Amino acid sequence: MAQQKEENVVIFPFMAQGHMIPFLSLALQIEQRKSYTVTFINTPLNIEKLRHSLPPTSTIRLISLPFSAADHGLPPEAENTDVLPYPLIVHLMHASLSLKPSFTHLISKLSPLCIISDMFFTWTADVANQFGIFHSIFNAGGAYGMALYHSVWTHLPHCNTNSDEFSLPDLPEISPIHRSQLANNVKQANGTDPWSLFIQGQVRLWFSSDGLLFNTVEGLDQTGLSYFRRKKTGIPVWAIGPTRSKLTERAGAGDDRNMCIHWLDTCSQNSVLYVSFGSQNTLSASQMMELAKALEASGKNFIWVVRPPLEFDINSEFRAEKWLPEGFEDRIRKENRGLLVRKWAPQVEILSHKSTRAFISHCGWNSVLESLSQGVPILAWPIGADQFYNAKFLEEEVGVCVEMARGNRSEVREEKILRLIKVVMGETEKGEKMRKKACEVKEIIKDAMRDEESYKGSSLKAMDEFFDAALSMKKTRKQTMISSSEGPR
Ligand SMILES: *[C@@H]1O[C@H](CO)[C@@H](O)[C@H](O)[C@H]1NC(C)=O
Ligand SMILES: *[C@@H]1O[C@H](CO)[C@@H](O)[C@H](O)[C@H]1NC(C)=O
């Protein structure tokens, strides 16, 4: 039998792929670096699915809490936002509150060192409190993006004005944001709709935790980190990113990987534009057409991870003859100019390849960190969620990005895309500046993760501080228990 490690760390993400994956990376990172047992908690179907993506050598314990989607008026298999149509996602959020009794019971039995839970599960702080256990929220987004998210949901500033631009009262240092940078759910929020009721209730309670963990880097994300630090609550805020570790690759991914890497090997240094919108997003049919025309007209090399456009099943087969200009794929193949990759690409390997020069990205935070970790500047095309804020951050605060388009409904023109590709891929002053800055950021990230005898980077130090705080609370808890059992009757 495997030896039990002494302390138990509970990890509990919200039931959405975009939350589960970064939490799993965090869990694997803790497993690698610390001598704790890691217990990963979720609902039965999510745990079942996760079993297959854990590396076979992992000792992470998976525990499922009973959950019946049907009891909440959801389809019976609906345990993850990924299988739900948009209007039902908020139902799953409300339904997740029903996990509290079984979670409480589990914690009473496990008595863990700490609980690291999701930004949508703030009620877990009550449970932790009840047992004197250290509690932290792990926020998988960047601090800047999450500061804007927190501020916008708290104040709903767009409801108080007809103007398309507005400032955030508790973030005076950033430039105004535009209505088109709001995700749909917040754009339509008015404070009494189901989204507002759930999310406003959650963000208010972020500070009832004993600390906040962010998947970001101290030297990169100061504006956002200081937003959370200057709130009067005084709880510690730790930047522990980037959390990344190799998850098991999909079956058949090896061939796709080899194809991409071999192709990149044939290209000259810094000549390739990598294009991907993440696994959950796609463009409208007309946007896709304009992007294709611009890529072809640019004369640059590219790898494009393609998915069927809006209104088609995102997992169905990609039909280049239908959705791209006539003869597009044949021409780029003949000229060895570009590669269309269907569904999956080895993103980290592409970004770290010497041929890759820039990235057209939706600016999901994971992609952002992967790009910056390799010093690759970004052409942003944010589509939803916190992506608009991330793009703003990269362009205005970090200087490694230009925004190329916004959303999946807007009209975009080949000319604009083409112009920006030329700026970033060409020998322009702006392009050079972005590249230089991206290389500086790469060093900042590398430094944050440095793990040497005499030097620990900021992210590793923050992780140590986090566990020191948890251990110190546990000591206090024990002493209180001893003194109360020794006290007079
Ligand atoms: C807010 O929005 C909800 C649904 O979107 C609507 O039913 C409600 O009447 C709105 N409330 C106000 C005060 O406008
Ligand atoms: C456009 O993107 C948003 C944000 O990701 C998404 O919620 C919406 O469903 C998309 N639109 C369509 C028509 O799929």
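Please read all numbers here as calculations on a predicted model, not as lab measurements. Quick note: numbers below take in every heavy atom, side chains included, and nothing from hydrogens, waters or symmetry partners. Numbering of ligands and ligand atoms starts at 1, following listing order.
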Student: How about His72 and Phe67: are their ring centres within less than 6.0 Å of each other?
Tutor: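 Yes; Phe67 has its ring centre under 6.0 Å from that of His72.
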Student: Among all protein heavy atoms, pick the one closest to atom 14 (O) of ligand 2 and tell me residue, atom and distance.
Tutor: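 Scanning the protein heavy atoms, the shortest distance from atom 14 (O) of ligand 2 goes to Leu310 CD2, 3.3 Å.
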Student: Is the shortest distance from atom 2 (O) of ligand 2 to a protein heavy atom below 4.0 Å?
Tutor: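 Looking at atom 2 (O) of ligand 2, one finds that a protein heavy atom does lie closer than 4.0 Å.
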Student: Give the numbers and elements of all ligand 1 atoms closer than 4.0 Å to a heavy atom of Thr192.
Tutor: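 Numbered from 1, ligand 1 contributes 1 (C), 10 (C), 11 (N).
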Student: Nearest protein heavy atom to atom 5 (O) of ligand 1, by residue and atom, and its distance?
Tutor: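 It is Asp193 CB, 4.0 Å.
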Student: Under 4.0 Å from a heavy atom of Gly384: which atoms of ligand 2 are those, numbered in the order shown and with their elements?
Tutor: 4 (C), 5 (O)
Student: Is the distance from the ring center of Phe103 to that of Phe12 below 6.0 Å?
Tutor: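 Under 6.0 Å, so yes.
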Student: Tell me: protein heavy atom nearest atom 8 (C) of ligand 2, and distance?
Tutor: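 Here the closest protein heavy atom is Asn408 ND2, 3.8 Å.
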Student: Pick out which of Phe328, Trp304, Phe312 makes a ring pair (Phe, Tyr, Trp, His ring centres under 6.0 Å) with Trp323.
Tutor: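 It is Phe312, the one option of Phe328, Trp304, Phe312 that forms the ring pair (Phe, Tyr, Trp, His ring centres under 6.0 Å) with Trp323.
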Student: Does the ring centre of Phe166 sit less than 6.0 Å away from the ring centre of His178?
Tutor: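 Aromatic pair excluded; centres sit 6.0 Å or further apart.
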Student: Arg409: heavy atom below 4.0 Å from ligand 2, yes or no?
Tutor: yes
Student: Identify the closest protein heavy atom to atom 12 (C) of ligand 1: which residue and atom is it, and at what distance?
Tutor: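 Heavy-atom neighbour on the protein nearest atom 12 (C) of ligand 1: Asn190 ND2, 3.2 Å.
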Student: Is Arg333 paired with Glu329 through a side-chain N to carboxylate O contact shorter than 4.0 Å?
Tutor: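 Arg333 and Glu329: salt-bridged.
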Student: Only heavy atoms of Ile383, strictly under 4.0 Å: list the atoms of ligand 2 that pass.
Tutor: 2 (O), 4 (C), 5 (O)
Student: Quick one: do Lys100 and Asp126 make a salt bridge, cutoff under 4.0 Å?
Tutor: yes
Student: Look at the side chain of Asp118 and the backbone N and O of Phe14, then say whether any donor-acceptor pair between them is shorter than 3.5 Å.
Tutor: yes
Student: Write out the residue and atom name of the closest protein heavy atom to atom 7 (O) of ligand 2, then the distance separating them to 0.1 Å.
Tutor: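 Answer, as residue, atom name and distance: Asn184 ND2, 4.0 Å.
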